[in-house]
Amino acid sequence: MRNYLPILIMGAIIGSFAIVFLVALAALKKHSSPEDDQERQMSDMEIVRRLMHYGRPYWKQFAAVLVVMVISVAYDVVSPLLIGHIQDVIKGEFELSYLYRIVGVYASILVISMICTYIQAMILQKTGQKILSAIRMDVFTHIEKLSHEQMNNIPVGKLVTRVCNDPNSISYLFTNILVTLIKNTMVIVAVLGAMLMLNYVLTLMVLCFVPFVVLFTVVFRQFSRRCHRRVLTATTDLNTYLSENLSGMKITQIFNQEDRKMEDFLQRSNHLQKTKQQRMFVFAIFRPVVYMLYISSVMCLFYIGGKGYIDHVYLFGQNITSAVIVSFYMYISKFFSPIQTLAEQFDMLQRSFAGAEKIFSIIDMEPEIVDEPDAIELEEIRGEIEFRDVWFAYKPGEWVLKGVSFHVKPRQTVAFVGSTGSGKTTILSLICRNYDIQKGQILIDGIDIRRIKISSLRRHFGQMLQDVFLFSGDIRSNIVLRSEGISDEEIWEVCRYVNADTFISRMDHGLYEVVRERGNNFSAGQRQLLSFARTIIHKPSVMILDEATANIDTETELLIQDSLEKMKNIGTMLIVAHRLSTIQHADNIILLSHGEIVEQGNHQQLLKAKGRYYNLYTLQYTKQQLENS
């Protein structure tokens, strides 16, 4: 028994580590925070299955990598045997020429292994980038399908993280992790087979450490997965905060809130730092523990093998020579090296799985506004619009529209007026099916809009909003919105039609003048005229103007009014405006109050009725006279 006391002590130490890990795992399960309980829990197999969908088109490349990998693995299996054989050559009758041949074989295998590793890396990197692009495209495409309400409920920074950051963590899965795991598995199996053939007793000794490796890996998986989720959540929170506050930096500066915003940023930044430190701490424990098992197995090899060699003892009929000990020492290194690498690979694997969970949480969101199974395409529309007893609420029970009914004839100009919150903008959003109504019907040319494909419906509408959004690029790209086949002459013709040519022609680069982020190098009136040009160039059948003349100077308003008069000849026009002077020539004016129509008619009819519209117009007219005086 005394002869095996060192091994028993080593076993007791490893067993103590196992007990500590099991207690830590039990404590983790018991003290899970509500934040962790709310995390989406997808099984590893489900994540792998869904990710393999992206890798399936590139199976030939992965098959080629597998072939190259088999050649590379041969080096790990043969090299210890060659080194052990050299040991026997040196001890026996030494022949330099024979030693050269063995060294030459070893060098050849090494060179071939290096070439295979290079080819493998190149194939995987090219394939991985293609898969990464496909994932990003799928996420972005799915985000485009989400409804306005869903987009309002998701912070922009979160979506940016899902499209940009999270796919990067998944790319490691295809470029490194999976292939390395397969290679390491092949190495472990091949090395284990070689060890069994060389000396099964020493092999069984090494295998005694495998259950502990499995146990520590399972425990590490639980801690690592949770840490990665928290890191991704903290990263998303920081990106969301930055996205919002960088956009609103002017407000922060105006109200002198820089210090408070900096404190909020530091709080989120420190939280991200803390979560990353927790992840590093978990990883820092796992790899040394696996290394401890490796050193323990080497010590057992030297103790048992050395004792058997020195005492000339046959262990279960197995002879232990110096060559066996040298070969086994290298095999143990080859056996545990993949397991040690597994620590780093497993850490990256959990990072990939955590990122995949976040991405699939977006992809799995069902769009609220979708085409009906029998939805139709409309090649053209006349512009007839009808609301039949329409009820709508953003939140259940809080009705924004209550039984609204009206009829718009083709090529008519209809204006909606009323106080803030009366439902004017909501009506325009419902016509384009940005939201779905709860009760009633909305008809376009006598067809329920839910029976029309969303893309077909919106293609016939042109929307001009109060807050015009311009993309970074140039004036031309913002007008055509990347549409092909539109010449510069057509664009200039449209710009002249809406009176935008005057200020564009004064620009140094004309249509190719640079547009900075959100068009902040243009005035509100200029952005609005560009919005008009953008709408007209796509030849809509119905035009929607939501407060298009608000917040602009009088001179620009005159240009816009002239543009509006011209655009009336294009098709049906729906206008929301607070300035009643801009809608006096509308064919029909609908006055809304608390989601209901209280008056409608043309300008003269409503003035003669001397109702709410008359009072509103008189108030605005009086105010304007006072301002002019």
Side-chain angles (χ1 to χ4, degrees), residues 383-387 404-428 431 461-468 497-500 524-525 528-529 531-533 535-536 540-593 596-629:
E384 181 183 6
I385 302 171
E386 185 178 1
F387 271 49
V404 171
S405 299
F406 60 84
H407 183 255
V408 179
K409 296 179 181 178
R411 307 183 74 84
Q412 262 194 335
T413 298
V414 176
F416 299 90
V417 297
S419 58
T420 301
S422 60
K424 307 182 299 298
T425 299
T426 299
I427 288 176
L428 303 186
I431 293 173
F461 284 86
Q463 298 189 59
M464 293 155 279
L465 308 179
Q466 175 182 350
D467 184 17
V468 178
Y497 191 80
V498 298
N499 298 318
Q528 196 59 261
L529 291 174
S531 172
F532 287 178
T535 301
I536 302 303
S541 301
V542 178
M543 287 171 292
I544 295 175
L545 288 81
D546 189 358
E547 294 291 351
T549 58
N551 303 323
I552 57 176
D553 56 81
T554 304
E555 181 180 352
T556 307
E557 183 182 1
L558 294 175
L559 291 175
I560 290 178
Q561 289 287 3
D562 181 64
S563 301
L564 290 177
E565 288 298 321
K566 295 177 181 178
M567 287 190 290
K568 286 180 181 180
N569 300 320
I570 296 176
T572 304
M573 181 178 291
L574 306 177
I575 304 174
V576 166
H578 281 295
R579 295 185 184 181
L580 302 184
S581 57
T582 62
I583 59 170
Q584 293 182 23
H585 303 292
D587 299 307
N588 190 24
I589 300 173
I590 298 176
L591 179 63
L592 293 157
S593 178
E596 297 179 290
I597 297 177
V598 292
E599 289 181 354
Q600 64 176 311
N602 61 38
H603 179 68
Q604 296 300 327
Q605 289 172 341
L606 292 176
L607 288 181
K608 289 180 181 179
K610 293 193 175 181
R612 294 192 183 184
Y613 181 85
Y614 173 82
N615 295 333
L616 185 62
Y617 179 79
T618 303
L619 180 64
Q620 287 193 10
Y621 180 78
T622 305
K623 181 180 178 181
Q624 186 177 358
Q625 292 298 318
L626 291 174
E627 289 175 353
N628 293 335
S629 61

Cut-off 3.5 Å, no hydrogens considered: what does the side-chain donor-acceptor table look like for residues 609-616, sequence neighbours left out?
{"residue": "R612", "atom": "NH1", "partner": "S593", "partner atom": "OG", "Å": "2.9"}
{"residue": "Y613", "atom": "OH", "partner": "H603", "partner atom": "ND1", "Å": "2.7"}
{"residue": "N615", "atom": "ND2", "partner": "G611", "partner atom": "O", "Å": "3.3"}

Would you indicate whether the side-chain heavy atoms of F387 and V408 approach each other to under 4.5 Å? no

Residues that Y497 engages under ring pair (Phe, Tyr, Trp, His ring centres under 6.0 Å), provided they are two or more places apart: none

Separation between [atom1] of [X] and [atom2] of [Y], rounded to the nearest 0.5 Å:
| X | Y | atom1 | atom2 | result |
| --- | --- | --- | --- | --- |
| N602 | I589 | CG | CD1 | 7.0 Å |
| L580 | T618 | CG | OG1 | 10.0 Å |
| H585 | T413 | NE2 | OG1 | 11.0 Å |
| T426 | F416 | OG1 | CZ | 11.5 Å |
| T572 | I385 | OG1 | CD1 | 5.5 Å |
| S422 | I427 | OG | CD1 | 8.0 Å |

Looking at Q412, E384, E386, which one forms a side-chain hydrogen bond (donor to acceptor under 3.5 Å, both in side chains) with H407? E384

Hey, is the main chain of [Y] close enough, under 3.5 Å, to the side chain of [X] for a donor-acceptor pair?
| X | Y | value |
| --- | --- | --- |
| D587 | V414 | no |
| K424 | L592 | no |
| E599 | L606 | no |

Residue pair [X] / [Y]: nearest heavy atoms and the distance that separates them:
| X | Y | value |
| --- | --- | --- |
| P540 | G462 | CB-N, 3.5 Å |
| I583 | A577 | CG2-CB, 3.9 Å |
| T535 | Q463 | OG1-O, 3.7 Å |
| V498 | L529 | O-CD2, 3.3 Å |

Using only heavy-atom distances, determine whether the side chains of Q600 and N588 contain a donor-acceptor pair under 3.5 Å. yes

